[in-house]
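Heads up, the thing below is written out as C-alpha cells.
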Protein chains: 2
Amino acid sequence: MSTETAPRAFGEVGRRDTRQRRALREHLAMSDSFVSAQQLYDDLRAGGDKVGLATVYRTLQAMTEAGEVDAVRTDDGETLYRKCGPRHHHHLVCRSCGVAIEIDGPGVERWAAKAAADNGFTEVTHVVELFGLCADCSA
Amino acid sequence: MSTETAPRAFGEVGRRDTRQRRALREHLAMSDSFVSAQQLYDDLRAGGDKVGLATVYRTLQAMTEAGEVDAVRTDDGETLYRKCGPRHHHHLVCRSCGVAIEIDGPGVERWAAKAAADNGFTEVTHVVELFGLCADCSA
DNA sequence: CACTAGTTTGATAACGGTTCTCATTCTAGA
DNA sequence: TCTAGAATGAGAACCGTTATCAAACTAGTG
C-alpha cells in the first residue's frame, strides 16, 4: 500500500550492511526449507550469532517485501520464510519437515485472472500453496 | 486429527440447540460476506443477542469442522467466516467489504494433484484463495 | 411436570506470534 | 576521525484466539 518503496541496491534489503543481516541471509541461503522467525532466531543464537528477535522479524519482513524471500502462513498462524527465486511461483511444502519445492502453475495464473475479470474484481492477488508430506516424511 | 467425530443431526453443529447457536447461524445465513469472529460478536451484541466471545469462536470453529461455514485467513492473520455450499470450492474475496463469490477451478485441483504426485508428496491439501476489490469497491 | 446428567456458556485469564518503543550501538560516507 | 541517521535489542504492548471453570441451560427420563 505504500508508495515509499525507494530504489535500493540489488540484493540488499536495507541500506546498511550489518552483521545481523549478513548472518540472517547466510542462514537462509543454506536451507531449502521454510522456517519460522522464531526458529531462525533460535538457530542463529545456537550458532553463536547475537541477534535480537525484533531484528529477525524486521529483516525477514523487509526481505519479503524486497522479494528476497517467500513467506507462507501455516494453518496455525505462523509465518514461515524461505529464500526464493526471482520468478513468481508457488510452493509445495512439507507439513512435517518444512522442505519446499517451488512450482509454477501457468494455468493457475490464467484461471485466477479470468475468474477475477469475470466477476468485475480488480487488483486481484492470489494465494496458492500446497501442503503435504514429502516423500521422506511419508515413510 | 480426532477420530471422535460423532454422527450428528443434519445441519446441526453440536448436539444441543441453543439460543446462541441459533442467533449465530441466522446471522451467517443473512450475509454473503466473510466476517471475522470479532465482527460477528459485535454484530450480534449490537442486534441485542447476548453471546460471549468464546462461544462465537467455539461455534464458528465447530461449524467450520462440520463444513457448515468456510474459513479463510487474511494476510494480517484474522480468520474470516462465511456460510458455504456443500461442494468443494474456492473464493474470490473482496479485500474491502468482504463480499465473496464461490468459484471452482477444476483445473486447479488437477494441477495440485499432479504437482504433488510428481514430487512424491502425499496427503496434500491446497489453499487457493483470490483477494481483490469487487466491482463496487473498485469505484 | 420435576429432576438430573451432562452439555454449553461466558467473563476473564492465559497464550503465542508479531510489532512497537526508545535508548544505545553501529554503518557509511564526508 | 567525525557525525547523521539507520539499525539494533530487551522488553512491553498488541491482538486474535484458546483455555479455564463455575454457573446456566438443554434434553431426555421418571
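A note on names: the letters A, B, ... follow the listed sequences, proteins ahead of strands, and every chain is numbered from 1.
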Residue [X], side-chain heavy atoms: nucleotide from [options] that is nearest:
X     : options                : result
A:R16 : D:dT8, C:dA5, C:dT27   : C:dT27
B:R21 : D:dA4, D:dC25, C:dT9   : C:dT9
B:E78 : C:dT18, D:dG16, C:dT27 : D:dG16
B:A54 : C:dG10, D:dG9, D:dT17  : C:dG10

What is the distance, to the nearest angstrom, from the [atom1] atom on [X] to the [atom2] atom on [N]?
X     : N      : atom1 : atom2 : result
A:R22 : D:dT8  : CZ    : C1'   : 14 Å
A:L60 : C:dG17 : CG    : P     : 15 Å
B:L53 : D:dT20 : CG    : C1'   : 15 Å
A:D17 : C:dT25 : CG    : P     : 21 Å
B:K50 : C:dT8  : NZ    : P     : 18 Å
A:D75 : C:dG16 : CG    : P     : 18 Å
B:L80 : D:dC15 : CG    : P     : 17 Å
A:L24 : D:dA7  : CG    : P     : 14 Å

Just checking, any donor-acceptor pair under 3.5 angstrom between side chains of A:D42 and A:Q38? no

Side-chain donor-acceptor pair present, B:H27, B:D49, cut-off under 3.5 Å: no

Looking at [N], I'd like to know if its phosphate oxygens (OP1 or OP2) sit under 4.0 Å from a side-chain N or O belonging to [X].
X     : N      : answer
B:Y57 : D:dT18 : no
A:T55 : D:dG9  : yes
B:Q20 : D:dC25 : no
B:T18 : C:dT7  : no
A:T79 : C:dT18 : yes

When we call it a touch if two heavy atoms are under 4.0 Å apart, what does [X] touch: a base, just sugar-phosphate, or nothing?
X     : value
B:R45 : sugar-phosphate
B:Q61 : sugar-phosphate
B:S36 : nothing

With side-chain contact (heavy atoms from CB on, under 4.5 Å) as the test, pick out the partner of B:F121 among A:V93, A:L133, A:I101. A:I101

So which atom in B:G67 and which in B:C84 form the shortest heavy-atom distance, rounded to 0.1 Å? O-SG, 3.6 Å

Residues, nucleotides or ligands: over 12 heavy atoms within 6.0 Å of B:D104 CG: yes

Is the A:H90 ring parallel, tilted or perpendicular to the A:H126 ring (thresholds 30°, 60°)? tilted

Between B:Q38 and A:Y41, just flag the one whose closest nucleotide in DNA chain D comes earlier from the 5' side. A:Y41

Side chain B:R58 and base C:dG10 donor-acceptor under 3.5 Å: yes

